[in-house]
Amino acid sequence: MSGYPGYDPKSGFEKWLDARLPIVRLGYDTFIFPTPRNLNYWWTFGAILAVILMSQIITGIILAMHYVPHVSMAYDSVQHINRDIRFGWMLQPMHATGASMMFLAVYIHMFRGIYYGSYKSPREVLWIVGVVIYLLMMATGFMGYVLPWGQMSFWGATVITNLFSAIPLVGESVTSWLWGGFSVDNPTLQRFFSLHFVLPFAILGLVILHVWALHVPGNNNPTGVSVKNVDKDTLPFHPYYTVKDGFAIVVFLMVFATFVFFMPDALGHPDNYIRANPVVTPVHIVPEWYYLPFYAMLRAVPDKLGGVIVMFGAIAVLFVLPWLDTSKVRSMRYRPLAKLFFLIFVLVCIGLGWAGAKSPTDLVFATAVDEHGVATGFSFLWLARILTLYYYAFFLVILPVLGLVEKPKARPESIEKSVLKSNAGEA
Amino acid sequence: MAETVSTSAQDPSRRDFIYIATGAAGAVGAGLFVWPLIDQMNPAADTQALSTTELDMSGIEEGQQIIAKWQGKPVFIRHRTQKEIDEARAVDVATLKDPQTDEQRLVPNKDGKYEPQYLIMLANCTHLGCVPIGDGAGDYDGWFCPCHGSHYDSAGRIRKGPAPKNLYLPPYQYLTDTLIKIG
């Protein structure tokens, strides 16, 4: 999207450099970029994610200087970082809780995209690149969690790699290939370290594609109405949104710092402070909180292959979301029914996370007591099943049908009109 | 250039042949080079060198279970009680998810006789690899996997829960009545 005058090199050196390597022009075009003037704070999570990604890469490179990827030394080397390395007590929790912060921000970013229809034409590729980034984040986060080689690391790795054994015919060969042996062991740890190191750079590359794909159509906005007049509807990204994003980043960093400095282990699991033991499985295996909804879906299905398909399908469905939502109206602000179903969808995702954290046989509420005096009632297994059904129904039934039957409310003529109207209302 | 393209459609020239042959050779070469990059992740020679574990079971008391390690994997060795054996043999095999008789879960000794008191199985749940809790756990007096709730009976057969198969049996043979070699 263009409309502003481009970079105009003033000094002789700038002109000389611009003719040889137009890097200043690239930066100018990236930051002096027409941006809808009505973006709200839900739009700041992209910039927040960029900051956390850089934080993860920098702290990760530092941790790799001190970490030892070997089954006999990995656990101790993480303790060594936390206790002996200068500022290791800060850098290791920054990296570990940084992963949680990144998932927190990415989930808000994705819900934002769904609510405001940011995946709709002409932003389908932008959305798909984002889903690929999310997939890589999940793989990277999982492999990173294995590296400290505690009990949850080991058994998490065992459970997740065993998911691939559900593949018909080649499942066993694939798991053995992933492990480099006959169980999760040293070869597994070393390759996970290697991949955990390199995948963030793949993510960085995809983030560049994501921003590039954003800069072709420009930002969506809370009204979903396209920019019609660049002068009236937009503001240059810098300084308007660098400042707004900057403020949001500072607030987010306060939350991040609270975890790093005051509760560095709050988001982890105590069992990961027990060394990996291949012959004893912890009584209750749970993944990190950001995988819990998918874990609940895996357990909701009483069949191994079925469970794996349902779990991966929950992410796969996001790839085709732009074509499942049949409504021409982007923003759910003007879609009363879609707004309601979206709200339920968010609650369902949180509910799935809750179910994933509990044992499937635990009860949500008890209704009776059986002959042995054991309470019976509505179990988390059934909660997970119902919520999984809604998760799929939202994408495969509700969004396709709503676009055809829902009568959207009137949308503003332009971004400028919507801004002026809301200002007049407040005055 | 345009001329070359237009004529090549009707008249495959030497240039087209070289073009396609080069592309084909390049594709085959890339494929050949990719294979070592993929195959290096498979178990290495030292991992694969089938290590065998010899184990004397005479010290295992009736009703006791030990976990041995073979190829890095845990192995259950349970000295079953008569009650457990009777329970395992009383089951109608046809009703099982992965039908196997109790004797199919065992290996005969050198005299061709079974030692039904010794049950030897890989200790990883066939669902997602956790180590089930033993000593009569679960609804079928066998093993119960805490991860996703699979119940195995006293012959290690799957009875309830998401696991698709009975607990796997490692390859092993009896050297004497109580000494076995796994692998």
Side-chain angles (χ1 to χ4, degrees), chain A residues 71 151 154-166 168 171-188 190-192 194-195 277-287 295-296 298-308 359-362 379-381, chain B residues 35 37-51 53 65-77 97-98 122-134 137-139 143-151 158-165 168 170-171 182-183:
Chain A
V71 288
Q151 272 290 64
F154 183 89
W155 291 101
T158 299
V159 167
I160 301 298
T161 50
N162 263 304
L163 293 179
F164 295 92
S165 70
E172 296 296 321
S173 321
V174 169
T175 43
S176 169
W177 176 75
L178 287 170
W179 292 333
F182 305 104
S183 58
V184 173
D185 210 332
N186 198 52
T188 326
Q190 282 187 292
R191 66 192 51 185
F192 277 18
S194 171
L195 293 171
N277 182 351
V279 300
V280 179
T281 303
V283 177
H284 190 43
I285 292 192
V286 278
Y295 194 58
L298 170 75
R299 296 192 300 191
V301 183
D303 175 76
K304 181 173 173 178
L305 180 61
V308 172
S359 176
T361 50
D362 285 352
S379 68
F380 277 97
L381 177 65
Chain B
W35 176 241
L37 303 184
I38 294 170
D39 190 41
Q40 53 80 24
M41 276 175 65
N42 275 315
D46 59 340
T47 311
Q48 212 164 18
L50 198 71
S51 63
T53 302
Q65 169 185 304
I66 64 160
I67 297 179
K69 267 181 96 178
W70 168 68
Q71 282 190 341
K73 286 182 283 200
V75 179
F76 283 144
I77 296 140
K97 191 174 184 179
D98 182 9
L122 290 181
N124 297 106
C125 180
T126 57
H127 181 227
L128 294 172
C130 296
V131 177
I133 298 163
D139 295 353
W143 285 264
F144 171 69
C145 183
C147 291
H148 308 95
S150 293
H151 297 254
I158 179 66
R159 300 295 290 275
K160 197 168 111 182
K165 294 277 180 190
Y168 295 120
I182 307 173

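By convention in this document, chain letters (A, B, ...) are assigned in the order of the sequence lines, proteins followed by strands, and residues within each chain are numbered from 1. In what follows, every heavy atom counts, from backbone to side chain, and hydrogens, waters and symmetry copies are set aside.
- In this structure, the side chains of B:Leu128 and A:Leu298 come closer than 4.5 Å at one or more pairs of heavy atoms.
- Using a 4.5 Å cut-off between non-hydrogen atoms, the part of residues 144-151 of chain B that approaches chain A consists of B:Pro146, B:Cys147, B:His148.
- Interface check for chain A: of the options B:Met41, B:Lys73, B:Lys69, the most heavy-atom pairs under 4.5 Å are formed by B:Met41.
- Between chain B and the residues A:Ser176, A:Pro360, A:Ser173, the largest count of heavy-atom pairs under 4.5 Å involves A:Ser176.
- Interface remark: A:Ile285 contributes side-chain atoms only to the contact with chain B (heavy atom separation under 4.5 Å).
- Closest of all the heavy-atom pairs between A:Val159 and B:Cys130 is CG2-SG, 3.7 Å.
- Of the two parts of A:Phe164, neither the backbone nor the side chain holds a non-hydrogen atom closer than 4.5 Å to a non-hydrogen atom of chain B.
- Neither the backbone nor the side chain of B:Ile133 comes within less than 4.5 Å of any heavy atom of chain A.
- A donor-acceptor pair under 3.5 Å is absent between the side-chain atoms of A:Lys304 and the main chain of B:Lys165, judged by distance alone.
- For the residue pair B:Pro43 and A:Gly181, the shortest heavy atom distance occurs at CG-N, 3.6 Å.
- Residue A:Pro302 touches chain B through its backbone alone, counting heavy-atom pairs closer than 4.5 Å.
- Ranked by non-hydrogen atom pairs under 4.5 Å with chain B, the options A:Thr161, A:Leu381, A:Asn162 are led by A:Asn162.
- Taking the side chain as every heavy atom from C-beta outward, A:Val280 and B:Val131 never approach each other to under 4.5 Å.
- A:Ile160 does not touch chain B: none of its heavy atoms, backbone or side chain, sits under 4.5 Å away.
- Here CG of A:Leu163 is found 8.0 Å from NE2 of B:His127. Values are rounded to the nearest 0.5 Å.
- When every heavy atom of B:Thr47 is checked against every heavy atom of A:Phe182, the shortest pair comes out as O-CE1, 3.4 Å.
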